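One structure below.
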Amino acid sequence: MNTFQFVLYNTKLSWRMQRNELPLKIFIGTFAVRIIFQSLFFIWIANIIGGQGMREFAMYGNILIPAAHILFIDVYNVLRDEIDENRIDLLTISKTSLLLILIGRSIVYFIKGFFIILFTYAVISSLLIPGLGHWLKLFAAIPLLLLFSLSAYSFGIFLAALNLNDKISQMLPNFSLVFLMLVGNFTVPVEKLPPIFQTLSEFVPLRHSVDAFRAFLTDNIPYWTNPDVYIELLILTIFSVVGYSIYLESVNKFRKHPA
Amino acid sequence: MEYVIKANKLSREFNNKGTVKKAVQDLTFTVQKGTIFGLLGPNGAGKSTTIKMMNTLLLPSSGELEVLGYNIYKDEKKIRTKIGFLYGGETGLYWQLSGRDNLRYFGSLFKIPTDVLEERIDYWLGRLGLTNAQHQLTMRYSKGMKQRLHIARTLIHEPELLFMDEPTLGLDPEGTKDLREIMLDLKARGKTIILTTHDMEEAEELCDEIAFIMDGRIITKGTIEELQEMYEEENRYEIELSEYPKLSMKKMENGIIIETPITVSNGNTIINISVPKTQVAERVFGEIVSQLVPFNIRQLVRKKMELRKIYLEIVSGQTKGNQTVS
Ligand SMILES: Nc1ncnc2c1ncn2[C@@H]1O[C@H](COP(=O)(O)OP(=O)(O)OP(=O)(O)O)[C@@H](O)[C@H]1O
Ligand SMILES: [Mg+2]
């Protein structure tokens, strides 16, 4: 088995892994219900906060949330099995191979995430904000959404690499999700948060994804001519690289010196 | 003689909020190729810590350790592809994958060619009774089925040296029997197994050599026969006769204890005699046997001390020792 076959083989297995997570019917059903309730909830919060354009503000960010949630939980589900401190087999392969497995897996999750986003967007644009634009526009945002997936995934693996303890890693995704809701710049504009949260939000990939995505959706100019989007894309790339590197480093280090 | 493990003064400490816990201290031992080596001892003795140093998951605090001829500080990568680690528990498998896909994944990590891998998967699924459940998701497996899958996972790359930390945990009697057969099979094929277990019968049946660990130190080690020799204070014999004997000997003489004869179901009689390890007693025992000859001796066996008893002896001896010190 050469490296190419190895990566292909593992990506295929990753595909099956994510396919097995939720049966399609339940998946679509729960998401339809969830998106509608979540949207209503965010609009309600936006109305309380008040101010011009709050409703739209909440809606744009909201499109990414179901996908972010799914990516997070998926990352956790896979890593739960991988952060087991007894996994010598993972230490037998080279870092490149491990990285390639991770990237293959992220792309698989991206495909899943993309369909969720597409679905959410279609629901929201047709039902809630008729003027949002045609959902086909989303295909133009594929590079952005891919980076969104990679960085969300890398944030997940980074969190997993931090502790490598089964109990904490079980709580961490849920805890992080609450935190992301707060500083992700979609329920509440970050400018309205206390300064400490504003600073923290700079280190959250989701916030940058949401910003880029909002710029993409709201601006009338095509997003590929918008410099703000490129800055956000760069930041997301850095997040992905840092997250993956820390994970690769920690696989060896943490296993050799557990707490 | 070829050794797969050479440990010299191996120690490992854990730092727990400022207090230093010596999990393992000054372990010196060797393990011969093609044998089953048992690490026995009470909970918290340091067995798992020792195993994790040998399989490169933990670095020792001090000491030297060679595994399969490689130095664990320098050549850990070379060691890792040649070993397997089986541990009890529910982690370490991909719950979202079927049993078969799990084995495919683990096999691919060792870069086994796909056709060879598929064949091996078929073999191990069959041997471990998982063929019917192979396409079921692992999260729906029972505890014992997960453990069976763990066994297959550990063996899929045909490791030369296997570490098994309480491998029969959660297995039903049939699964336990299967695993024991597999272990003896592997041994017959020249593989080496290092085993920890709390089941003394299992250790007695499987292990060629045993090291007892307590409080991070090796208390005693040797083959089962050597341990029996060391810890037996007397020889116990069981004599089967076809007639009920009349003995002129007293029930106790020179420390010899002759138990009341019992008639067993086939009409024969069995006498148990324990003989202290002294020359006088051995001679007297010879006389007893010659007195029994007229009653038709069908069988005379020396009963071995059970490992369970040796274990209890070691543990109680050790606690007694500790009490006098403190
Ligand atoms: N990661 C760790 N951090 C701190 N202390 C540890 C750690 N791992 C083991 N220890 C300590 O080292 C000692 C030996 O533990 P070990 O797990 O090796 O025992 P064991 O012989 O395998 O026991 P058991 O039969 O219960 O499995 C124990 O006192 C334990 O508390
Ligand atoms: Mg243990």
Side-chain angles (χ1 to χ4, degrees), chain A residues 1-23 73-95 97-98 100-101 104-105 108-109 112 164-167 169-170 251-259, chain B residues 14-17 48-49 51-53 55-61 72-73 76-98 100-102 104-117 137-140 150 153-154 156-157 159 163 165:
Chain A
M1 203 180 261
N2 62 34
T3 308
F4 178 72
Q5 287 169 324
F6 172 72
V7 173
L8 206 69
Y9 196 72
N10 272 295
T11 309
K12 207 167 76 189
L13 288 175
S14 299
W15 178 254
R16 283 191 212 162
M17 210 185 279
Q18 65 78 32
R19 195 193 60 193
N20 289 334
E21 264 147 25
L22 275 178
I73 300 299
D74 285 352
V75 168
Y76 165 67
N77 271 338
V78 175
L79 291 173
R80 178 184 57 187
D81 304 315
E82 234 149 63
I83 57 176
D84 184 75
E85 59 180 24
N86 297 321
R87 291 281 306 270
I88 316 173
D89 48 14
L90 277 181
L91 303 178
T92 61
I93 57 173
S94 66
K95 281 185 184 168
S97 300
L98 189 58
L100 289 173
I101 297 185
R105 209 181 271 156
V108 163
Y109 283 106
K112 184 177 185 177
L164 295 169
N165 169 328
D166 206 37
K167 293 259 156 35
S169 70
Q170 213 154 341
V251 164
N252 220 332
K253 199 174 128 237
F254 279 85
R255 293 215 163 105
K256 282 235 154 183
H257 306 275
Chain B
F14 286 107
N15 219 330
N16 248 344
K17 288 176 198 144
S48 298
T49 307
I51 284 204
K52 285 185 183 176
M53 286 193 284
N55 67 22
T56 76
L57 285 173
L58 272 179
L59 275 176
S61 308
I72 53 137
Y73 297 100
E76 73 264 31
K77 283 241 149 85
K78 289 188 187 127
I79 297 170
R80 283 171 188 159
T81 51
K82 296 188 171 72
I83 59 174
F85 181 29
L86 175 61
Y87 44 95
E90 305 233 329
T91 54
L93 297 167
Y94 290 85
W95 288 25
Q96 320 288 341
L97 287 178
S98 68
R100 191 177 189 94
D101 282 344
N102 258 293
R104 285 180 169 140
Y105 176 77
F106 290 111
S108 81
L109 291 181
F110 292 96
K111 314 242 163 132
I112 303 167
T114 351
D115 45 342
V116 179
L117 181 59
L137 291 194
T138 310
M139 64 175 139
R140 305 217 174 84
H150 263 301
R153 184 218 65 192
T154 315
I156 201 79
H157 58 293
F163 299 94
D165 200 348

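Just so we're clear, the structure is a prediction, and the values are computed from it rather than from any experiment. Hydrogens, waters and symmetry mates are skipped; everything else that's a heavy atom, side chains included, is used.
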If you count heavy-atom pairs under 4.5 Å between each of B/I79, B/T114, B/D165 and chain A, which one has the most?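 Winner by heavy-atom pair count: B/T114.
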Which of the residues B/M53, B/K111, B/R153 is involved in the greatest number of heavy-atom pairs with chain A at under 4.5 angstrom?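 Top option by heavy-atom pairs under 4.5 Å: B/K111.
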Side chains of B/Y94 and A/L13: does their closest heavy-atom pair fall under 4.5 Å?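 Not in contact.
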May I ask you to test the B/L93-B/F106 pair for a side-chain heavy-atom distance under 4.5 Å? yes
Mark yes or no for whether B/S108, through its side chain, and A/F6, through its backbone, hold a donor-acceptor pair below 3.5 Å. no
Say whether, by atom type as modelled, one donor and one acceptor occur between the side chain of B/H157 and the main chain of B/I83 under 3.5 angstrom. yes
Which bit of A/S97 is near chain B, if near means a heavy-atom gap under 4.5 Å: side chain, backbone, both or neither?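 Side chain of A/S97 only, per the 4.5 Å heavy-atom cut-off to chain B.
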So which part of A/N10 gets closer than 4.5 Å to some heavy atom of chain B, the side chain, the backbone, both or neither? side chain
Quick check on B/K52 against chain A: is it the side chain, the backbone, both or neither that has a heavy atom closer than 4.5 Å? side chain
B/I112 versus chain A, the contacting section by heavy-atom distance below 4.5 Å: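 It is the backbone, since no side chain atom gets that close.
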Does atom NZ of A/K12 have more than 12 heavy-atom neighbours, drawn from other residues, nucleotides or ligands, at distances under 6.0 Å? no
